[in-house]
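Computed from a predicted model, the values in this text were never measured in an experiment. Count residues from 1 along the sequence.
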Amino acid sequence: MEEKKQICVLGAGIVGMTTAFMMKEKHTKWDVTIIADKFEQDTLSDIAAGIFRPSTSFKGPTSEITKQWLVDAYHHYKKIQITKETAEAGVQEVSGYVLSSKFPEVTKNQFLEDLLPVYRRANELELKICPGDWKYGAFFTTLVIESRYHLPWLRNKFERLGGKIVKKTINSFQDVEDYDLVINCTGFGAKKLCVDHDLVPIRGQVFKVKAPWVKMFFYGDYDTYIIPGIEYVTLGGCRQFDSFKEEVDKYDSASIWERCTELLPNLKSAEVIREVAGLRPHRTPVRVEKDVFITSSGKRLDIVHHYGHGGYGVTTAPGTAKYAVQLAEEVLSGIRSNIHSKL
């Protein structure tokens with residue numbers, strides 16, 4: 001009989017919620033508790049368009065592990081997409097184009113070319129679909145995972161399995177010292193919690209608009225993207241390294257709107273639902289590793305860190321979560337080698 005364990009997952013964004021669900025689903029007898037101060041629509045995950053398109057620079061501890069994370073993540077979402085739960089879970093298949101007038105490398109992606117069912121060069125006619133002098137392009141079919149649906153779906157499945165949820169702000173690992181293991185999925189909050197100077201914000205900003213006629217995604221130069229979701233289309237964007245500004249910026253708004261409506265002119269009549277900005281938690285490599293915290297009373301608290309996905313948390317969460325759960329199992333079974341450092 002499996003020994004009962006007390007597990008705490010810090011953070012309820014897509015990374016934390018996926019990790020907690022995977023842990024509880026695999027070890028139904030373990031007590032798994034999510035502790036977070038923000039949930040669902042208040043998380044950064046809710047802002048994301050959620051398209052499965054990792055950056056070519058996305059990086060885990062090794063190239064082999066990075067590839068495995070992405071393979072595991074895609075097949076996890078694809079498995080959901082072919083079930084009757086796909087609409088409730090907010091997972092849908094979508095096709096579209098990435099276009100560039102200057103940079104052929106923008107249209108290539110070593111991760112997706114080997115993984116997706118369709119990834120090919122755009123032909124001459126396709127390069128004329130959108131206004132502009134597009135010289136390079138690729139067409140591919142991928143998935144969109146909308147967090148406004150996926151997070152409540154995950155939470156419901158987690159709670160049905162007996163998982164617990166606590167709304168609370170955690171300021172130190174000292175606050176959770178009574179657990180057998182803590183999985184730290186605090187995203188950008190890890191900068192303060194772990195005093196992690198390698199974790200930096202990459203600010204993003206998007207429009208959410210009603211444009212039901214947009215059925216395909218489009219990427220253009222300068223971080224321009226149009227990504228259809230279930231109810232709204234996401235228009236972006238910007239990628240501002242080391243910017244801590246969380247408010248919507250009017251100059252970014254003007255730039256995003258101009259670039260997106262130039263790429264797809266019929267968006268000019270779209271109804272704007274909201275504008276929102278957020279700080280992507282970027283770290284190279286993404287931190288998924290074992291660690292130890294020694295409490296003020298001298299107690300050893302085992303930790304698995306799981307954060308730093310940048311703008312690719314939704315894309316990669318199931319893959320990195322599977323890896324984090326494996327590390328947690330190693331720790332709980334007494335395998336404590338390869339522990340990175342002490343806090």
- I would like to know whether R203 and D252 meet salt bridge (Lys or Arg N to Asp or Glu O under 4.0 Å); could you show each step before the answer? CA-CA 11 Å; R203 182 182 175 277; D252 289 328; 2.8 Å; yes
- Item | side chain to side chain contact (heavy atoms under 4.5 Å, CB included) evaluation trace for E289 with V304 | CA-CA 6 Å; E289 63 186 13; V304 171; over 6 Å; no
- Step by step, work out the side chain to side chain contact (heavy atoms under 4.5 Å, CB included) result for H309 and R287. CA-CA 8 Å; H309 299 65; R287 191 180 190 189; over 6 Å; no
- Please test I35 against V9 for side chain to side chain contact (heavy atoms under 4.5 Å, CB included), starting from the C-alpha separation and ending with a verdict. CA-CA 6 Å; I35 300 179; V9 177; over 6 Å; no
- Task: Carefully, step by step, assess Y222 and K102 under the rule side-chain hydrogen bond (donor to acceptor under 3.5 Å, both in side chains).
- Result: CA-CA 10 Å; Y222 312 117; K102 297 180 180 179; 3.0 Å; yes
- Task: List the steps, then state whether side chain to side chain contact (heavy atoms under 4.5 Å, CB included) holds for D37 with I170.
- Result: CA-CA 8 Å; D37 60 347; I170 299 298; over 6 Å; no
- Message: For Q92 and T86: C-alpha separation, side-chain torsions, deciding distance, then whether side-chain hydrogen bond (donor to acceptor under 3.5 Å, both in side chains) applies.
- Response: CA-CA 7 Å; Q92 60 182 353; T86 182; over 6 Å; no
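In this structure, K79 does not pair ionically with D72, as no charged nitrogen and carboxylate oxygen lie closer than 4.0 Å. A salt bridge is defined here as a Lys NZ or Arg NE, NH1 or NH2 lying under 4.0 Å from an Asp or Glu carboxylate O, and K290 with E330 meets this definition. Looking at K208 and E275, no side-chain N of the basic residue comes within less than 4.0 Å of a carboxylate O on the acidic one, giving no salt bridge. Taking 4.0 Å as the cut-off between side-chain N and carboxylate O, E25 and R160 do not count as a salt-bridged pair. Checked for salt-bridge contact, D196 and R283 meet the test: a charged N lies under 4.0 Å from a carboxylate O. Residues E93 and K78 are paired through a salt bridge, judged by an N-O separation under 4.0 Å between the basic side chain and the carboxylate. Between R300 and D302, at least one side-chain nitrogen of the basic residue sits less than 4.0 Å from a carboxylate oxygen of the acidic one, meeting the salt-bridge criterion. Between K4 and D31 a salt bridge is recorded (basic side-chain N to carboxylate O distance below 4.0 Å).
Classified by interplanar angle (parallel below 30°, tilted 30° to 60°, perpendicular above 60°), the ring pair W30/H27 is parallel. Taking the six-membered ring where tryptophan is involved, the planes of Y323 and W69 are perpendicular, since the angle between them exceeds 60° and thus also 30°. Classification of the F173-F293 ring pair by plane angle, with boundaries at 30° and 60°, yields tilted.
Checked against a 6.0 Å centroid threshold, the rings of H150 and Y77 count as neighbours. The aromatic ring centres of F21 and F158 sit 6.0 Å or more apart.
Each of L193, I303, I183 was checked for a side chain to side chain contact (heavy atoms under 4.5 Å, CB included) with L10, and the lone residue meeting it is L193.
Minimum interatomic distance between S243 and L279 (heavy atoms only, all atoms of both residues): O-CD2, 3.3 Å. Of all the heavy atoms in I226 and P228, the pair that sits closest is O-CD, 3.9 Å.
Taking the ring centre of Y219 as origin, the terminal cationic atom of R53 falls inside the region bounded by 6.0 Å and 45° from the ring axis. Remark: R155 is positioned above the aromatic ring of F39, its terminal NZ or CZ atom under 6.0 angstrom from the ring centre and at most 45 degrees off the axis.
Within the model, atoms CG of L154 and CD1 of I14 stand 5.5 Å from one another, a figure rounded to the nearest 0.5 Å. The OH atom of Y119 sits 12.5 Å away from the OG atom of S95 when rounded to the nearest 0.5 Å. With values rounded to the nearest 0.5 angstrom, E113 atom CD is found 7.0 Å from K108 atom NZ. Atom CD of Q6 and atom CG of D178 lie 9.5 Å apart (nearest 0.5 Å).
Donor-acceptor pairing under 3.5 Å is lacking for the side chains of T56 and N109. Side-chain polar atoms of E88 and N156 form no donor-acceptor pair below 3.5 angstrom. No side-chain donor-acceptor contact under 3.5 Å links S45 and S147. Counted by atom type alone, T284 and D198 present zero donor-acceptor pairs between their side chains at under 3.5 Å.
For Y74, the ring-ring contact (aromatic ring centres under 6.0 Å, His included) test picks out F52, with sequence neighbours left out. The salt bridge (charged side-chain N to carboxylate O under 4.0 Å, His left out) check on K135 picks up D133, with sequence neighbours excluded.
Enclosure of atom CZ in R120 by more than 12 non-hydrogen atoms of other residues, nucleotides or ligands within 6.0 angstrom is indicated. The number of heavy atoms from other shown groups lying within 6.0 Å of NZ (K245) is above 12. Within a 6.0 Å sphere centred on CD of E105, other residues, nucleotides and ligands contribute more than 12 heavy atoms. The neighbour count for K59 NZ, taken as heavy atoms of other residues, nucleotides or ligands under 6.0 Å away, does not exceed 12.
A heavy-atom distance below 4.5 Å is not found between the side chains of L235 and V206.
Residue pairs satisfying the side chain to side chain donor-acceptor pair (under 3.5 Å) criterion with at least one member in residues 254-268, sequence neighbours excluded, are listed as follows: W213-N266, T224-R259, S255-R259.
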